[in-house]
Trainee: 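Below you'll find the structure I mean.
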Number of protein chains: 2
Amino acid sequence: MASIKDVAKMAGVSVATVSRVLNDKGYVGQHSREKVEKAIKELNYKPNEIARSLFKKHSNTIGLIVPDIMNPYFPELARAVEDTASKLGYNVILCNSDENKEKEQAYLDVLKQNYVNGIIVSSNTLTAEQIEALNIPIVSIDREISKGLPTIVVENKKGAKAATHFLKSKGRKRIGHIRGTAGVVNAEERCGGYREAVAEEPWFTESYIVNGNYDMESSIDATRELLGRHPDIDGIFAANDMMAIGAIKAAYQLGKKVPEELAVIGFDGIVLSSVMIPELTTVAQPIYEMGELATTVLVNLMEQQPMEKTYYTLEVELIERRTT
Amino acid sequence: MASIKDVAKMAGVSVATVSRVLNDKGYVGQHSREKVEKAIKELNYKPNEIARSLFKKHSNTIGLIVPDIMNPYFPELARAVEDTASKLGYNVILCNSDENKEKEQAYLDVLKQNYVNGIIVSSNTLTAEQIEALNIPIVSIDREISKGLPTIVVENKKGAKAATHFLKSKGRKRIGHIRGTAGVVNAEERCGGYREAVAEEPWFTESYIVNGNYDMESSIDATRELLGRHPDIDGIFAANDMMAIGAIKAAYQLGKKVPEELAVIGFDGIVLSSVMIPELTTVAQPIYEMGELATTVLVNLMEQQPMEKTYYTLEVELIERRTT
DNA sequence: ATTGGATGTGTAACCGGTTACCCTTTTTCA
DNA sequence: TGAAAAAGGGTAACCGGTTACACATCCAAT
């Protein structure tokens with residue numbers, strides 16, 4: 001591969017001049033510029049980003065840490081981040097943390113050692129101190145780590161409340177809730193929204209809430225338990241779409257018709273929800289938009305642009321489909 | 001951040017010695033080693049990977065180029081690649097090419113400029129010349145680019161044939177095929193397998209094959225057309241799962257019951273196929289395993305390990321579920 | 001005519017590691 | 001006992017860029 005020295009030699013100038021035309025910075029005479037440009041073309045010269053990074057102390061790369069890219073929420077997010085980053089001239093390093101504290105810290109270290117400019121992270125094990133210690137711009141997405149940190153989340157509580165009210169408006173009399181993973185902030189919030197919506201109902205007791213794990217399997221079991229406890233339940237609000245699917249599977253297993261005997265509404269609006277049969281009614285997050293926003297906020301942070309706002313709570317949209 | 005010089009100063013040795021203990025290479029006395037290790041711990045020193053990369057001419061990173069991470073086939077692949085790479089000490093840069101020639105070439109250039117050690121790519125627009133010109137280890141996955149290049153694919157033809165035979169064994173008399181994207185090698189192969197399986201059938205004509213685009217929407221239209229042409233079709237082999245889902249949707253729209261009136265079998269075995277309702281019968285690729293294998297092959301290539309084989313054609317598994 | 005700012009360009013230090021090379025000391029063994 | 005080999009460790013060049021600084025030239029304003 002040709003280096004800047006080769007270009008300089010061919011153009012008959014110094015490396016400094018080549019660097020100047022490369023970066024369009026400093027004074028360069030018309031004549032020199034042309035010679036350099038010609039040499040660059042002739043040698044098909046591409047500057048070495050690693051050498052650049054060493055000097056600049058950052059590598060035009062951003063780290064994306066997600067729990068698991070196989071979780072259907074994240075591919076869309078990853079795509080949005082990569083699209084936006086790419087457009088702005090950054091690469092994306094993908095990291096799967098499995099919500100594991102050690103893995104996360106290890107990735108943070110590796111990313112820092114690789115001089116990433118910034119990090120987008122979806123995590124609930126990370127602490128504000130850990131992040132501040134890193135001293136790299138970070139934006140948190142889908143999950144709030146701390147009020148002070150740049151964050152992109154959605155109206156979890158509001159959406160959950162709307163979902164539950166929607167079930168009521170459809171004439172459902174007994175509505176159960178399958179909670180998300182214990183300890184995850186958005187699971188608390190969604191559960192809170194559900195609670196607010198049913199608080200006044202005479203039939204409501206805590207036993208209408210069961211714990212799921214944000215995945216399908218846990219939800220199948222949870223739903224069977226819930227339906228066993230309360231056979232009169234005719235509506236379920238699941239804290240995410242995968243659990244809503246689990247609920248539907250459980251209903252089928254128990255011989256209950258969806259939506260006739262049991263209406264189900266999910267949360268997230270993953271692609272799967274519109275693809276499955278029957279199509280799932282859900283409270284959709286603007287996932288792509290969130291990824292986009294997270295990336296632009298992060299890049300602004302990295303480039304030290306002045307910003308009026310770094311904490312965004314986005315609106316959520318209830319999409320009615322076939323399961324309600 | 002502490003640098004190697006700080007460590008050297010604190011330990012009272014030269015940077016060369018620090019480097020030697022870091023890399024466990026060359027002679028280092030017990031006494032020096034201990035002093036250096038103590039200094040490293042005390043300063044929480046982590047070597048700067050970028051500086052290392054500059055000298056080594058590679059960055060312990062591999063590029064992963066996929067058409068679109070939102071396509072449900074790829075998250076599992078990406079996960080396998082990242083897991084394996086991470087285990088072996090490499091980072092993964094994620095690139096979405098949208099099957100676009102220019103984007104792909106641009107990414108290849110960027111990756112090269114970033115001194116990636118190797119690249120895993122799923123593409124059918126790339127040519128062998130392009131890849132050889134790059135002069136970086138590459139393994140192709142899911143799609144063959146050239147016989148000579150390291151490649152991980154599956155028995156497309158065999159699987160397709162098995163799928164079609166399976167439909168026959170279930171008593172289906174007229175079996176249609178929804179082809180994958182024109183020009184994609186595996187679409188040709190799967191179509192070839194179908195052809196072989198139905199070649200002897202008296203009813204078979206080319207009109208039992210329709211073109212899809214490996215996505216759900218194209219398949220809905222294609223299926224409606226196919227079923228319009230041949231209302232007697234009672235079995236469909238779709239060249240991938242997303243198209244199989246489209247076929248099922250189309251069947252529902254037309255009032256046909258699946259599987260009673262129309263059996264549907266897909267190909268790929270994406271997570272979605274087991275999650276949807278009804279669960280999809282499919283010819284499953286060992287996606288995770290493919291990603292794993294691709295990564296280990298690539299790493300062996302990068303590390304110049306001797307290898308007996310770099311072209312793998314993996315077995316495929318027919319999983320019977322509810323749609324047949 | 002003088003001077004000071006703008007323009008143009010090269011030299012060399014620097015980013016933070018690795019390692020070739022050299023020198024000294026210790027060990028091994030004929 | 002002496003020479004060769006092994007062990008230990010420092011100096012400085014190098015990877016491929018960027019940029020501070022020095023120096024030269026040119027032009028406009030005084």
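Below, read A as the first sequence line, B as the second, and so on, with proteins coming before strands; counting in each chain starts at 1.
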Trainee: If you measure from the Lys or Arg side-chain nitrogens to the Asp or Glu carboxylate oxygens, is any gap between B/Glu49 and B/Lys56 under 4.0 Å?
Mentor: no
Trainee: Can we say B/Glu82 and B/Arg79 salt-bridge, meaning some charged N sits less than 4.0 Å from an Asp/Glu carboxylate O?
Mentor: no
Trainee: Whether A/Lys87 and A/Glu292 form a salt bridge (side-chain N of Lys/Arg under 4.0 Å from carboxylate O of Asp/Glu) is what I want to check.
Mentor: no
Trainee: Report the end-to-end axis angle of the helix from C/dA1-D/dT30 to C/dA30-D/dT1; each axis comes from five terminal pairs, and the value is rounded to 10°.
Mentor: 40°
Trainee: Between A/Ser32 and C/dT9, does any side-chain N or O lie under 4.0 Å from OP1 or OP2?
Mentor: yes
Trainee: Quick one: do the B/Asp268 and B/Gln285 side chains pair a donor with an acceptor below 3.5 Å?
Mentor: yes
Trainee: Hey, are B/Thr125 and B/Glu99 close enough side-chain-wise for a donor-acceptor pair under 3.5 Å?
Mentor: no
Trainee: Side chains of B/Gln105 and B/Asp109: donor-acceptor distance under 3.5 Å anywhere?
Mentor: yes
Trainee: Counting the atoms with a prime plus P, OP1 and OP2 as sugar-phosphate, which does B/Val13 contact under 4.0 Å by heavy atoms, base, sugar-phosphate, or nothing?
Mentor: sugar-phosphate
Trainee: Which sits closer to the 5' end of DNA chain C, A/Ala16 or B/Glu49, going by the nucleotide each is nearest to?
Mentor: A/Ala16
Trainee: Distance only, no hydrogens: is a donor on one side chain within 3.5 Å (strictly under) of an acceptor on the other, for A/Lys46 and A/Asn44?
Mentor: yes
Trainee: Nearest heavy atom decides the nucleotide; on that basis, is A/Val15 or A/Gly29 closer to the 5' end of DNA chain C?
Mentor: A/Gly29
Trainee: Looking at side-chain heavy atoms only, is the closest gap between B/Val139 and B/Leu149 below 4.5 Å?
Mentor: no
Trainee: Both A/Lys5 and A/Arg20 contact DNA chain D. Taking the nearest nucleotide for each, which residue is further toward the 5' end?
Mentor: A/Lys5
Trainee: Under 4.0 Å, counting only non-hydrogen atoms across every strand here, what does B/Ser3 touch: a base, just sugar-phosphate, or nothing?
Mentor: sugar-phosphate
Trainee: Would you check if there is a donor-acceptor pair between the side chains of A/Tyr107 and A/Asn96 at a distance under 3.5 Å?
Mentor: no
Trainee: Without decimals, in angstroms, what is the distance between B/Tyr27 OH and C/dT26 C1'?
Mentor: 12 Å
Trainee: Which one of B/Asn117, B/Thr295, B/Thr61, B/Leu298 satisfies the side chain to side chain contact (heavy atoms under 4.5 Å, CB included) criterion with B/Tyr90?
Mentor: B/Asn117
Trainee: Tell me whether the side-chain N/O atoms of A/Thr17 come closer than 4.0 Å to OP1 or OP2 in C/dG10.
Mentor: yes
Trainee: By a strict heavy-atom criterion of less than 4.0 Å, which residues belonging to residues 50-63 of chain B are in contact with DNA chain D?
Mentor: B/Leu54, B/Phe55, B/Lys57
Trainee: Go through DNA chain D in 5' to 3' direction and return only the first and the last nucleotide with some atom under 4.0 Å of chain B's heavy atoms.
Mentor: D/dA6 to D/dG16
Trainee: Can you find a pair of side-chain heavy atoms, one from A/Met10 and one from A/Asp6, that are under 4.5 Å apart?
Mentor: no
